[in-house]
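Please read the structure below before turning to the comments.
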Amino acid sequence: MSTLRFQALKETAGRKPVKFEEADRKSTIFGANVFNEKAMKQFLTPDAFKGVKDAIQHGTKIDRKLADYIAMGMKEWALSKGVTHYTHWFQPLTGTTAEKHDAFFETSYDGSDPVEKFGGGQLVQQEPDASSFPNGGIRNTFEARGYTAWDPTSPAFIFGSTLCIPTVFISYTGEALDYKTPLLRALNAVDEAATDICKYFDKNVKKVTATLGWEQEYFLIDKALAESRPDIIMTGRTLLGHTSAKGQQLDDHYFGSIPSRVLSYMRDLEQECMYLGIPVKTRHNEVAPNQFELAPIFEETNLAVDHNSLLMDVMQKVAERHDFRVLFHEKPFKGVNGSGKHNNWSMATDTGVNLLSPGKTPMSNLQFLSFFINTIKAVNDYEELLRASIATASNDHRLGANEAPPAIISVFIGQQLTKVLAELEGVTKGKLSPEEKTDLKLNVVGKIPDVLLDNTDRNRTSPFAFTGNKFEFRAVGSSANCANAMTTLNSIVAKQLIEFKKEVDELIATKGLKKDEAIFNVLREYIKQTKNILFEGDGYSDAWEKEAKKRGLSNHKTTPSALKAKVSEKALDLFKELNVMNHVEVEARYEIELEEYTKKIQIEGRVLGDIARNHVIPTAIKYQNALIENVKGLKEIFGNDFTKIGKEQIVLIKEISEHIEGINTKVEKMIDARKKANALTDAQKMAEAYCDKVKPYFEDIREHCDKLELLVDNETWTLTKYREMLFTK
């Protein structure tokens, strides 16, 4: 009873919900720690305030003199709230956020005249070490210079006693080394392309904003229990552990009453989010035991991505106060559902129109159909690249595991919209007669209802589903930075909208068609070209996998296979044409993601080998020795009758020996496979070797370990069990 497992269980038994001081109303504290419009009006000069607003709305450059005034006001606001330090807060290609804190405090050269100082130069630009972050070969180890630059479109915020300034991160030679820079470029591209299309319908539209509402799924495990598991500490998931007799099969956790300790954590977390301006709205139990979800109101995509990255930091810090550990891994426990991060995406005009929400008139419905069908066309043409945007070692465990969308990218639109597209496809190509125009507007375009939310069932097996006024990209992993998927999605949609406008304008110019007729004709052709990507059925079924193959859709089940699409000529041309990423930036990300995949599998292999040999085998031998002593005692007592009385003990001793031998043999083979993989110099081949040659041993080793967990005395077993981690509240 002195093992770490039992110490953790004892510590957990006494936990009570943590009390904290809760504000009366969320609306009174929302954005209190954000340098938002209200704070800027109070602390900035009119010229400085206008400069920031122009930068946000029109991309106007802020000169250094104006930056000094902005920095002065930002500093005074921060000091009024007890802040002592500032940092450029950025998102390097590590998947986490990064920050280096500097004090406002400065002195003169001789140490006298101390003062709180923060100027425009410190606001606008800083210089972290670019060689110490993943760079895909862009920077050598001895080339350390890199820059962070202020992103005024995402407001500064206070976290703890630090003023955090959202920034981009670029190399000395100008290449993007972060997630934010390509995302901002992609958002600019889709803004320009979508605005051009909107002008077909409303000349007053001057800007289109891509919006995002993410849904963050996660597991909460008691801190002591999590820390008793070396695999959770080192890899974020359990590498072994027999499934609990009771899991999620009774469906009793989903939307159930939230446990009191968890509810206290959620309330505390939501309050922190309110101060930081993160508009969280929904909380509930998810399907698996100890799995939960948090979702906000949708926002502009860049801000939404920043808020999700910040949220994951806040979740871990608040969890510490409540003696929890948050697990963002897509599959931390075998046998129960993993976690995703559904990305709900749409586009909105500066005139207040959601472009993926049907209107009340045929003309607004035509606008909806234009953006709706072009989005489907974009996914159809770039489905492999979209799959690559969500490829990680951890998400490989989840995709297609009868709990999440499959690795095959398809689009679900529902029966009603399928019927609408079929009718639109039947329109005669070329100029329409007056009767056809009337029939089209009244019978097709004119009968799309304003709200489609309840007109069809939702398909949880679809990776990219239309849900009434937005598309839900359901295949994004829970640990992912949303920017990766959103950069790709907005880029492919921007590219498609550009092509759409070219085709429409050409029909108007060369065929003499009216605008509406040209749009109908192009959309009609797109409907024919995109039938393969549309799928309404069960994405988990073997039949769909066979059907998808016939349709020519990709089915990349592993990250090394999926990532190849990132450096295809098609992808390189796309990002370059839109000025989202140049070839160097794309290839660097490809190298980084391959290396990350390899390192994660490598670490998991090392940890699994260590636990199997240094925890499981010694525990099994200890119990086996106890059995042997028991057999010896039985033999002394019963003599010749022993063979009948001690038969089961001997069978158990042999079974334990077989599993111990199996573990040792498989661990040795895994180590040999790892050595061979490490000898490879090509990043793609190394990742494939880890995927195909090293990783398969994980399940073999785990099977022996999990069988021993069932055989060994519970009091002897040292590793905290699934039933304890998943059902200890």
Side-chain angles (χ1 to χ4, degrees), residues 95 179 182-183 186 330-331 338 340-343 345 375-412 459-466 471-493 495-496 530 532-535 539-540 544-575 580-581 586-587 589-594 596-597 600 684 687-688 691:
Y179 287 109
L183 176 64
E330 282 75 5
K331 192 73 172 178
K341 179 156 28 197
H342 303 174
N343 279 207
W345 173 88
T375 300
I376 295 171
K377 179 71 160 57
V379 176
N380 180 79
D381 292 354
Y382 288 95
E383 49 93 7
E384 281 194 279
L385 186 58
L386 204 57
R387 166 67 179 95
S389 74
I390 54 163
T392 63
S394 51
N395 210 22
D396 282 356
H397 291 282
R398 172 177 164 266
L399 295 180
N402 284 0
E403 64 188 59
I408 304 165
I409 299 296
S410 64
V411 179
F412 170 85
N459 190 331
R460 69 188 297 270
T461 72
S462 174
F464 199 84
F466 186 71
F471 279 100
E472 183 180 17
F473 192 12
R474 303 185 73 252
V476 182
S478 55
S479 66
N481 185 308
C482 296
N484 217 353
M486 287 297 101
T487 297
T488 298
L489 179 57
N490 284 286
S491 295
I492 65 176
V493 171
K495 167 69 173 175
Q496 178 52 44
T530 57
N532 282 344
I533 202 71
L534 297 176
F535 180 63
Y540 297 161
W544 168 232
E545 192 165 332
K546 293 173 183 176
E547 173 63 22
K549 187 175 182 180
K550 289 180 184 178
R551 296 187 186 188
L553 299 178
S554 66
N555 185 10
H556 298 294
K557 295 184 178 181
T558 68
T559 292
S561 173
L563 287 178
K564 292 177 183 178
K566 282 204 168 186
V567 287
S568 66
E569 186 176 346
K570 186 177 180 180
L572 292 171
D573 289 347
L574 166 77
F575 291 125
V580 172
M581 288 182 281
V586 176
E587 288 164 357
R589 278 158 176 73
Y590 166 69
E591 292 286 334
I592 289 167
E593 289 172 23
L594 281 175
E596 180 188 28
Y597 177 87
K600 284 193 173 181
Q684 178 70 43
E688 288 172 352
C691 178

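Everything numeric in this text was worked out from a predicted model, so none of it was measured. One-based numbering along the sequence shown.
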For [X], which residues count as a side-chain contact (heavy atoms from CB on, under 4.5 Å) partner, sequence neighbours excluded?
{"X": "Ser394", "result": "His329, Glu330, Thr392, Ser479"}
{"X": "Ala388", "result": "Ala565, Lys566"}
{"X": "Lys549", "result": "none"}
{"X": "Ser554", "result": "Glu383, Glu384, His556"}

Distance-minimising heavy-atom pair for [X] and [Y]:
{"X": "Leu594", "Y": "Pro560", "result": "CD2-CA, 4.3 Å"}
{"X": "Ala407", "Y": "Asn555", "result": "CB-OD1, 3.8 Å"}
{"X": "Val580", "Y": "Pro182", "result": "CG1-O, 3.5 Å"}
{"X": "Ala475", "Y": "Asn395", "result": "O-ND2, 3.0 Å"}
{"X": "Thr461", "Y": "Gly539", "result": "OG1-N, 2.9 Å"}
{"X": "Ile409", "Y": "Pro463", "result": "CA-CG, 3.8 Å"}

Between atom [atom1] of [X] and atom [atom2] of [Y], what is the distance when rounded to the nearest 0.5 Å?
{"X": "Ile533", "Y": "Ile408", "atom1": "CD1", "atom2": "CD1", "answer": "10.0 Å"}
{"X": "Ile390", "Y": "Thr559", "atom1": "CD1", "atom2": "OG1", "answer": "9.0 Å"}
{"X": "Leu553", "Y": "Arg387", "atom1": "CG", "atom2": "CZ", "answer": "13.5 Å"}
{"X": "Thr375", "Y": "Trp345", "atom1": "OG1", "atom2": "CH2", "answer": "4.0 Å"}
{"X": "Ile492", "Y": "Leu385", "atom1": "CD1", "atom2": "CG", "answer": "7.0 Å"}
{"X": "Asn484", "Y": "Met486", "atom1": "CG", "atom2": "CE", "answer": "10.0 Å"}

> Knowing that exactly one of Tyr540, Trp544, Phe412 qualifies, which makes a ring pair (Phe, Tyr, Trp, His ring centres under 6.0 Å) with Phe535?
Replying inline: Trp544

Could you tell me whether the side chain of [X] and the main chain of [Y] form a donor-acceptor pair under 3.5 Å?
{"X": "Asn490", "Y": "Ala186", "answer": "no"}
{"X": "Lys570", "Y": "Tyr382", "answer": "no"}
{"X": "Asn532", "Y": "Lys550", "answer": "no"}
{"X": "Lys341", "Y": "Ala480", "answer": "yes"}
{"X": "Arg551", "Y": "Leu534", "answer": "yes"}

>> Taking salt bridge (Lys or Arg N to Asp or Glu O under 4.0 Å) as the cut-off, I'd like each qualifying pair that reaches into residues 552-563, sequence neighbours left out, listed once.
In response: Glu545-Lys557

>> Counting C-beta onward and ignoring hydrogens, is there a side-chain heavy-atom pair between Leu563 and Tyr597 closer than 4.5 Å?
In response: no

> Under 4.5 Å between any side-chain heavy atoms of Thr530 and Val411, yes or no?
Replying inline: no

>> Phe464: which residues meet the ring pair (Phe, Tyr, Trp, His ring centres under 6.0 Å) condition with it, sequence neighbours left out?
In response: Phe471, Phe473

>> As a test of understanding, state which of Leu489, Thr488, Thr487 forms a side-chain contact (heavy atoms from CB on, under 4.5 Å) with Ser491.
In response: Thr487

